[in-house]
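Each ligand, and each atom within it, is numbered from 1 in the order the structure gives.
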Amino acid sequence: MAKAKTIYVCNACGGSTPRWQGQCPACQAWNTLEESLSESTSTNARFQGLAQAVPRQKLSAIKAEDMPRLPTGVDEFDRVLGGGLVPGGVVLIGGDPGIGKSTLLLQALAEMSAAGVSVLYSSGEESAAQIALRAKRIVLAAPQLEVLAEIQLEKLLTTIDAARPQVVVVDSIQTVYSDALTSAPGSVAQVRECAAQLTRYAKSTGICMLMVGHVTKDGHLAGPRVLEHIVDTVLYFEGDTHSSFRLVRSIKNRFGAVNELGVFAMTEKGLKGVSNPSAIFLSQHAEMVPGACVLVTQEGSRPLLVEIQALVDTAHIPNPRRLAVGLEQHRLAMLLAVLHRHAGIACFDQDVFLNAVGGVKISEPAADLAVLLAIQSSIRNRALPKELIVFGEVGLAGEIRPCPRGQERLKEAAKLGFTIAIIPKANLPKSKIPGLRVIPVERIDEAISAANELS
Ligand code: TYD
Ligand code: MG
């Protein structure tokens with residue numbers, strides 16, 4: 001096969017050169033040239049002339065039908081996908097190594113093939129024997145499941161085209177390479193080109209495509225950022241590899257709600273869905289400890305109770321450390337400033353460490369109040385009551401702002417036996433929730449003194 005012509009395109013200015021250089025000759029930026037396929041000049045010429053107009057459609061005249069869904073048979077996975085796979089839809093699953101991406105996909109494929117769906121699992125990471133061994137370990141009986149160990153894109157596409165399964169898994173996109181490009185598998189150009197080709201193929205044939213993506217050290221999908229733009233759905237695996245719980249979060253979903261969460265437990269027989277996960281991120285102390293505060297966070301359609309832990313300790317270096325695991329580091333610095341200015345509690349000579357129990361990542365601002373109360377509890381070395389839950393956003397002016405779906409959060413907490421809640425005044429429920437004493441607060445100093453009275 002003749003090699004397609006490649007050029008090097010600057011990702012800063014879009015200029016191109018035929019050969020790789022360290023510096024872009026057009027904009028003088030360094031290290032911005034990336035290999036990509038050159039479009040043949042004939043297509044360019046055609047675009048330059050007057051092309052034929054294509055017919056337009058009135059939006060109201062287009063029949064909008066609900067997408068038929070193909071359930072994967074793994075309930076928690078279906079929940080994050082918004083009800084199942086969509087024909088022609090492309091799903092990208094990212095996550096740390098060893099977190100369970102391959103296991104989940106193998107289980108989903110086995111369930112689907114047992115339901116009569118034709119499926120193909122293509123792995124560039126493991127040999128067919130290794131996949132069979134894993135299937136045996138998680139006692140999967142799927143006689144119709146087809147596996148393939150192929151990493152060359154053109155061969156892979158030809159094989160898929162010959163077999164025409166309904167669902168294809170490519171594990172992982174970083175191992176696939178195209179002959180048309182000279183760069184190594186896993187490079188930005190290769191990943192982008194292979195993902196684009198697989199996506200185009202899925203769209204044109206209506207095959208559901210599931211791609212596994214590696215993540216870099218800082219937790220982003222390895223390879224180009226554009227990967228997330230090409231695909232329809234982006235899912236991330238989260239969780240502490242030391243605990244058995246795994247979360248699958250949807251970051252982008254063209255066919256469903258984002259921020260929906262699937263919760264699994266990793267067992268020796270593979271991943272098992274956790275259908276009632278609200279209490280799994282509470283640590284199981286007999287007594288509450290200083291520096292811990294229980295937050296009700298709303299993830300997708302379900303409230304989750306998560307214990308936030310803070311440790312405030314005298315700093316022995318001029319720049320005290322601020323470290324947040326599972327919460328946002330910048331937000332911590334901001335909250336400490338609010339705590340100082342509006343509640344008079346100073347931490348400038350203290351190290352502050354913050355942790356969300358169980359490896360869950362919390363990005364919603366509703367965690368602010370719980371963070372500050374945990375910090376205050378650690379400073380005073382007094383435990384907050386075991387029955388207390390907290391949520392609320394803290395503004396720069398020291399005000400406590402309401403959070404969405406307050407009522408649902410409170411109900412879930414009451415269901416799990418919590419009896420006191422410190423919440424934003426605007427979230428005060430219209431009717432009383434049985435068994436729950438609600439303390440509404442408007443400002444951070446009010447919240448701190450309410451918590452001090454309780455502990
Ligand atoms: P895997 O799906 O291979 O991770 P990824 O594809 O995301 O890299 O998961 C492998 C991990 O899961 C490995 O550390 C062992 C563990 N595991 C179990 O605990 N139980 C099981 O039944 C299986 C198959 C794996
Ligand atoms: Mg894997």
Asks: Measure the distance from atom 22 (O) of ligand 1 to every protein heavy atom, then report the residue, atom name and distance (to 0.1 Å) of the closest one.
Replies: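 Heavy-atom neighbour on the protein nearest atom 22 (O) of ligand 1: G270 N, 2.7 Å.
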
Asks: Run the numbers for me: atoms of ligand 1, each under 4.0 Å from some heavy atom of T267, listed by number.
Replies: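 The list of qualifying atoms is 18 (C), 19 (O), 20 (N), 21 (C), 22 (O).
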
Asks: Find all atoms of ligand 1 within a distance of less than 4.0 Å from any non-hydrogen atom belonging to P97, and give their numbers and elements.
Replies: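 Once the distances to P97 are compared, the set is 8 (O).
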
Asks: Kindly identify the option in G98, A265, S244 whose heavy atom sits closest to atom 8 (O) of ligand 1.
Replies: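 It is G98 that holds the nearest heavy atom.
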
Asks: Counting each atom of ligand 1 from 1 as listed, which ones have a heavy atom of T103 under 4.0 Å away?
Replies: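 Going through ligand 1 atom by atom, the ones under 4.0 Å from T103 are 1 (P), 2 (O), 9 (O), 24 (C).
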
Asks: Just to confirm my output: which protein heavy-atom neighbour is closest to atom 6 (O) of ligand 1, and how far is it?
Replies: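 The protein heavy atom lying closest is S102 OG, 2.5 Å.
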
Asks: Can you find a protein heavy atom under 4.0 Å from atom 15 (C) of ligand 1?
Replies: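 Protein heavy atom within 4.0 Å of atom 15 (C) of ligand 1: absent.
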
Asks: Could you tell me the residue and atom name of the protein heavy atom closest to atom 4 (O) of ligand 1, and the distance to it rounded to 0.1 Å?
Replies: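 Heavy-atom neighbour on the protein nearest atom 4 (O) of ligand 1: G100 N, 3.1 Å.
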
Asks: Could you see which bit of E125 sits under 4.0 Å from ligand 1, with heavy atoms only: side chain, backbone, both or neither?
Replies: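 Looking at E125 and ligand 1, no heavy atom falls under 4.0 Å.
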
Asks: Tell me whether ligand 1 is touched by V212 - counting only heavy atoms on the residue side and a distance under 4.0 Å.
Replies: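 Distance cut 4.0 Å: V212 fails for ligand 1.
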
Asks: Using 2.8 Å as the threshold, say whether any N, O or S atom from S102 sits that close to the Mg ion (ligand 2).
Replies: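 Under 2.8 Å: S102 contacts the Mg ion (ligand 2) through an N, O or S atom.
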
Asks: Please write down residue, atom name and distance for the protein heavy atom closest to atom 3 (O) of ligand 1.
Replies: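 Nearest protein contact, heavy atoms only, for atom 3 (O) of ligand 1 is R134 NH1, 3.0 Å.
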
Asks: What residue and atom, counting heavy atoms only, is the protein's closest point to atom 23 (C) of ligand 1, and at what distance?
Replies: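 Ranked first by proximity to atom 23 (C) of ligand 1 is R137 CZ, 4.0 Å.
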
Asks: Any idea which protein heavy atom is nearest atom 17 (N) of ligand 1, and the distance to it?
Replies: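 For this ligand atom, the closest protein heavy atom is M266 SD, 3.7 Å.
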
Asks: For S178, which of Q190, E154, Q152 qualifies under side chain to side chain donor-acceptor pair (under 3.5 Å)?
Replies: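 So, applying the side chain to side chain donor-acceptor pair (under 3.5 Å) to S178 and each of Q190, E154, Q152, only E154 qualifies.
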
Asks: Report the part of I138 in contact with ligand 1, treating N, CA, C, O as backbone and CB onward as side chain, heavy atoms under 4.0 Å; options are side chain, backbone, both, neither.
Replies: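 Answer for I138: side chain.
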
